[in-house]
Amino acid sequence: MIVLNNLGAALFDAMDWEGAEMAWQVSLELDPTPMAYRNMGTVLYYQGRYEEAAAMHEKAIELAPEDHWLWGKLAATYLEMDGQEEDSRAAYQKAIALALERLQIEPNDSPTMAYLAAYFANVGEHENAREFAATAKQLEPENPEVWYFSALVNVHSQQHSQAVEDLAKAVELGYSTRLL
């Protein structure tokens with residue numbers, strides 16, 4: 001399964017959505033883990049197949065209900081679907097609660113802080129979002145994902161010039177320009 005997941009990830013990074021989907025579908029059939037469902041949900045999301053993506057994320061959550069990242073993925077997917085705004089907000093709130101629990105155990109987990117910042121931004125809690133994004137950048141200034149999520153927070157906060165600066169830093173540190 002690791003080989004199929006890695007192949008799917010490489011194809012995904014190359015923006016070969018169909019190839020990634022095929023690799024991850026085989027992985028899912030052989031070993032239906034939360035990661036396999038999450039991967040399928042992610043590639044379906046990028047293809048604009050939101051209902052199918054949501055079903056995959058929901059299945060992943062059934063298997064790993066305490067994973068904030070899965071709830072965040074589901075929330076983002078619902079956000080793209082007509083009439084699912086309330087479901088999106090509820091999923092983001094669940095992601096927030098789980099991420100905050102995670103930080104109680106691992107208080108310096110900068111990736112969790114970065115995701116938490118994005119979750120807060122998506123529910124309109126901009127001050128919380130900015131605080132967690134800033135802390136994540138202080139803790140791990142060389143992590144491109146931290147800068148990417150900070151950029152998302154700044155977009156939601158209408159801080160567009162800061163968002164551009166954060167994206168530039170994310171790319172400088174290795175964030176995929178293809179995914180941008």
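Quick caveat: nothing in here was measured; it's all calculated off a predicted structure.
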(request) Write down the atom of Ala76, the atom of Tyr45, and the distance for their closest heavy-atom approach. (result) O-CE1, 3.8 Å

(request) Please lay out, stage by stage, how Gln84 and Leu79 fare under the test side-chain contact (heavy atoms from CB on, under 4.5 Å). (result) CA-CA 6 Å; Gln84 298 292 322; Leu79 198 57; over 6 Å; no

(message) Can you tell me how far apart CD (Glu140) and CG (Asn108) are? Round to the nearest 0.5 Å.
(response) 10.5 Å

(message) When you compare the side chain of Tyr148 with that of Leu180, does any pair of heavy atoms fall below 4.5 Å?
(response) yes

(request) Taking Ser150 for its side chain and Val146 for its backbone only, find out whether a donor-acceptor pair lies under 3.5 Å. (result) no

(message) Please report the interatomic distance OG1(Thr77) to CE(Met81), rounded to the nearest 0.5 Å.
(response) 8.0 Å

(message) Looking at Glu29, I want to see if its CD is surrounded by more than 12 non-hydrogen atoms of other residues, nucleotides or ligands under 6.0 Å.
(response) yes

(request) Work out which heavy atom in Arg38 is nearest to a heavy atom in Ala60; give both atom names and the distance. (result) N-CB, 4.1 Å

(message) Among residues at least two apart in sequence or on other chains, which ones pass side-chain contact (heavy atoms from CB on, under 4.5 Å) with Ala64?
(response) Pro34, Asp67, Leu70

(request) Please work out which of the three classes, parallel, tilted or perpendicular, describes the rings of Tyr92 and Tyr119, given edges at 30° and 60°. (result) tilted

(request) Looking only at non-hydrogen atoms, find the nearest pair between His126 and Ala121 and report the distance. (result) CE1-O, 3.8 Å

(message) Measuring from atom CH2 of Trp69 to atom OG1 of Thr112, what distance do you get when rounded to the nearest 0.5 angstrom?
(response) 10.5 Å

(message) Grouping I, L, V, M, F, W and Y whenever their side-chain heavy atoms are under 4.5 Å apart, do Ile61 and Tyr37 come out in a common cluster?
(response) yes

(request) Any chance you could measure Leu74, atom CG, to Lys94, atom NZ, to the nearest 0.5 Å? (result) 12.0 Å

(request) Would you check if the side chain of Arg178 reaches a backbone N or O of Met15 as a donor-acceptor pair within less than 3.5 Å? (result) no

(request) Would you check if the side chain of Thr135 reaches a backbone N or O of Glu131 as a donor-acceptor pair within less than 3.5 Å? (result) yes

(message) Distance check, rounded to the nearest 0.5 Å: Leu98 atom CG versus Leu103 atom CG?
(response) 11.0 Å

(message) Please tell me whether Val164 and Val155 are part of a single hydrophobic cluster in this structure, the criterion being side-chain heavy atoms less than 4.5 Å apart.
(response) no

(message) With a 4.5 Å cut-off on side-chain heavy-atom distances among I, L, V, M, F, W and Y, is there a chain of contacts connecting Leu28 to Tyr46?
(response) yes

(request) Check the hydrophobic clustering (I, L, V, M, F, W, Y; side-chain heavy atoms under 4.5 Å; chains of links allowed) and say if Met113 and Trp147 are grouped together. (result) no

(message) Please check: side-chain N/O of Ser157 versus main-chain N/O of Gln159, any donor-acceptor pairing under 3.5 Å?
(response) no

(request) Carefully, step by step, assess Asp109 and Arg102 under the rule salt bridge (charged side-chain N to carboxylate O under 4.0 Å, His left out). (result) CA-CA 8 Å; Asp109 182 348; Arg102 168 107 178 110; 3.0 Å; yes

(request) Classify the angle between the aromatic ring planes of Phe12 and Trp24 as parallel (below 30°), tilted (30 to 60°) or perpendicular (above 60°). (result) tilted

(message) Can a side-chain donor-acceptor contact be found between Gln158 and His160 if the only test is distance below 3.5 angstrom?
(response) yes

(message) Heavy-atom count check: over 12 atoms from other residues, nucleotides or ligands less than 6.0 Å from Gln93 CD?
(response) yes

(message) Restricting to non-hydrogen atoms, name the atom on Gly19 and the atom on Asp16 that form the minimum distance, rounded to 0.1 Å.
(response) N-OD1, 2.8 Å

(message) What I'd like to find out is whether the side chain of His57 reaches to under 4.5 Å of the side chain of Thr42, using heavy atoms alone.
(response) yes

(request) Could you label the plane-to-plane angle of the Phe149 and Tyr115 rings as parallel, tilted or perpendicular, counting under 30° as parallel and over 60° as perpendicular? (result) tilted

(message) Taking the side chain as everything from C-beta on, heavy atoms only, tell me whether Asn39 gets closer than 4.5 Å to Ser27.
(response) no

(request) Output yes when a side-chain donor or acceptor of Asp31 lies under 3.5 Å from a complementary backbone atom of Thr33, and no otherwise. (result) no

(request) Using a strict 4.0 Å threshold on nitrogen-to-oxygen distance, state whether Lys169 and Glu172 make a salt bridge. (result) yes

(message) How long is the straight-line distance from CG of Leu152 back to CG of Asn122, given to the nearest 0.5 Å?
(response) 8.0 Å

(request) Grab the two heavy atoms, one from Ala136 and one from Ala114, that are nearest each other, plus how far apart they are. (result) CB-N, 4.0 Å

(message) Membership question, hydrophobic clusters at under 4.5 Å side-chain separation (ILVMFWY): are Phe132 and Ile96 in the same one?
(response) yes

(message) I need the minimum non-hydrogen distance between Leu173 and Pro141, along with the two atoms involved.
(response) CD1-O, 3.4 Å

(request) Report the C-alpha distance between Glu18 and Gln47 in whole Å, list the side-chain angles of each, state the deciding distance to 0.1 Å, and finish with yes or no for side-chain contact (heavy atoms from CB on, under 4.5 Å). (result) CA-CA 9 Å; Glu18 291 80 21; Gln47 293 177 64; 4.3 Å; yes

(request) Please lay out, stage by stage, how Glu80 and Arg49 fare under the test salt bridge (charged side-chain N to carboxylate O under 4.0 Å, His left out). (result) CA-CA 10 Å; Glu80 298 297 329; Arg49 296 163 55 189; over 6 Å; no

